[in-house]
Amino acid sequence: MPELVVQLTRAGFLALLWLFVLAALRVVRSDLYAASGLKVDIPHFRKKPQPQKAGGGKSPGKLVVTHGALAGTRIALDGRPILIGRADDSTLVLDDDYASTRHARLSLRGTDWYVEDLGSTNGTYLDRAKVTAPLRVPLGVPIRIGKTVIELRP
């Protein structure tokens, strides 16, 4: 009789181990699909950019977080590059599961601001286009990094 109890206990632990492994694989799978954007519902936040006057257009004066955990945060633009990511030394520190440690950089080139993806896992999007090279950022056009959306404002 004790031999039967030992065998049943071993079979029970083996079944629990397989249930744990399957549950862990399910979580990893759901994280991968969410990170790829297949199941993530993106809010409608598109605004039409203000047309700029020739020669007398407004220049950006601040960076504003419009959606995400840091909504309402404002950073003054003083000409220095703005590093965005999860790293503690970033200018805009994101607490976002879909943001990389060093995700993106906004930098001033001449009179225009450019966004550049720094090799992030989930990408950086200007309006709805994925950033693959430095792109000029017009006023009011959303930049999406994970669940966070930022804009340049006058």
Side-chain angles (χ1 to χ4, degrees), residues 1-49 60-78 80-109 112-153:
M1 186 76 157
E3 182 70 28
L4 179 62
V5 173
V6 171
Q7 291 300 328
L8 288 175
T9 304
R10 285 182 181 172
F13 278 126
L14 186 60
L16 284 174
L17 177 65
W18 276 108
L19 286 174
F20 174 75
V21 168
L22 292 175
L25 288 174
R26 183 176 172 213
V27 168
V28 169
R29 181 178 172 263
S30 68
D31 283 349
L32 287 175
Y33 281 125
S36 69
L38 293 177
K39 294 183 179 179
V40 178
D41 185 28
I42 300 171
H44 299 286
F45 50 78
R46 183 178 172 143
K47 292 182 184 178
K48 293 187 179 183
K62 60 190 167 208
L63 177 72
V64 179
V65 179
T66 58
H67 289 83
L70 298 173
T73 302
R74 298 169 187 271
I75 297 175
L77 300 176
D78 57 3
R80 291 183 292 195
I82 296 175
L83 186 63
I84 304 168
R86 297 180 76 171
D88 291 333
D89 62 343
S90 297
T91 310
L92 180 61
V93 179
L94 300 178
D95 185 23
D96 189 333
D97 292 337
Y98 302 109
S100 298
T101 304
R102 302 229 185 276
H103 197 100
R105 175 178 33 229
L106 278 168
S107 55
L108 186 62
R109 296 182 185 178
D112 296 323
W113 284 89
Y114 284 77
V115 64
E116 175 183 5
D117 187 83
L118 300 176
S120 65
T121 304
N122 297 316
T124 303
Y125 294 85
L126 179 62
D127 201 5
R128 294 178 187 232
K130 188 169 185 174
V131 176
T132 56
L135 292 176
R136 189 177 74 79
V137 182
L139 282 175
V141 174
I143 302 168
R144 184 171 57 86
I145 297 173
K147 297 177 184 175
T148 304
V149 180
I150 58 178
E151 291 180 6
L152 294 179
R153 302 264 175 93

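Hydrogens, waters and symmetry mates are skipped; everything else that's a heavy atom, side chains included, is used. Quick caveat: nothing in here was measured; it's all calculated off a predicted structure.
Atom-to-atom distance recorded for R144:CZ and R128:CZ is 9.0 Å, nearest 0.5 angstrom. Interatomic distance, CD of E116 versus OG1 of T124, reported as 9.5 Å (0.5 Å rounding). How far OH of Y125 is from NZ of K130: 4.5 Å, rounded to the nearest 0.5 Å. Rounding to the nearest 0.5 Å places CD1 of I84 at 12.0 Å from OG of S100. Taking CG from L135 and CG from D127, the interatomic distance works out to 11.0 Å, rounded to the nearest 0.5 Å.
The minimum heavy-atom distance linking W113 with P60 is given by the pair CD1-CG, 3.8 Å. Nearest heavy atom pair, residue I145 against residue A99, reads CG2-CB, 4.3 Å. Between T9 and V5, the shortest heavy-atom distance links the atoms OG1-O, 2.7 Å. Of all heavy-atom pairs spanning L70 and V93, the tightest one is CD1-O, 3.2 Å. Closest heavy-atom contact between G123 and D117: C-OD1, 3.7 Å. Minimum interatomic distance between K147 and Y98 (heavy atoms only, all atoms of both residues): CE-CE1, 3.2 Å.
No option in V65, V115, L94, V137 other than V65 meets the side-chain contact (heavy atoms from CB on, under 4.5 Å) test with I150. Considering T66, D95, D96 in turn, D96 is the only one that fulfils the side-chain contact (heavy atoms from CB on, under 4.5 Å) rule with T148.
In this structure, P142 and H67 have side chains that are not in contact, with every pair of non-hydrogen atoms separated by 4.5 Å or more. With a 4.5 Å cut-off on side-chain heavy atoms, I82 and L77 count as touching.
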Exercise for the section: Determine, stepwise, if the pair L63 / L152 fulfils side-chain contact (heavy atoms from CB on, under 4.5 Å). Expected result: CA-CA 5 Å; L63 177 72; L152 294 179; 3.8 Å; yes
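Among residue pairs with one or both ends in residues 80-92, those qualifying as side chain to side chain donor-acceptor pair (under 3.5 Å) are D78-R80, D89-R102; sequence neighbours excluded.
Not counting sequence neighbours, the partners of K62 by the side-chain contact (heavy atoms from CB on, under 4.5 Å) test are V64, R74, R153.
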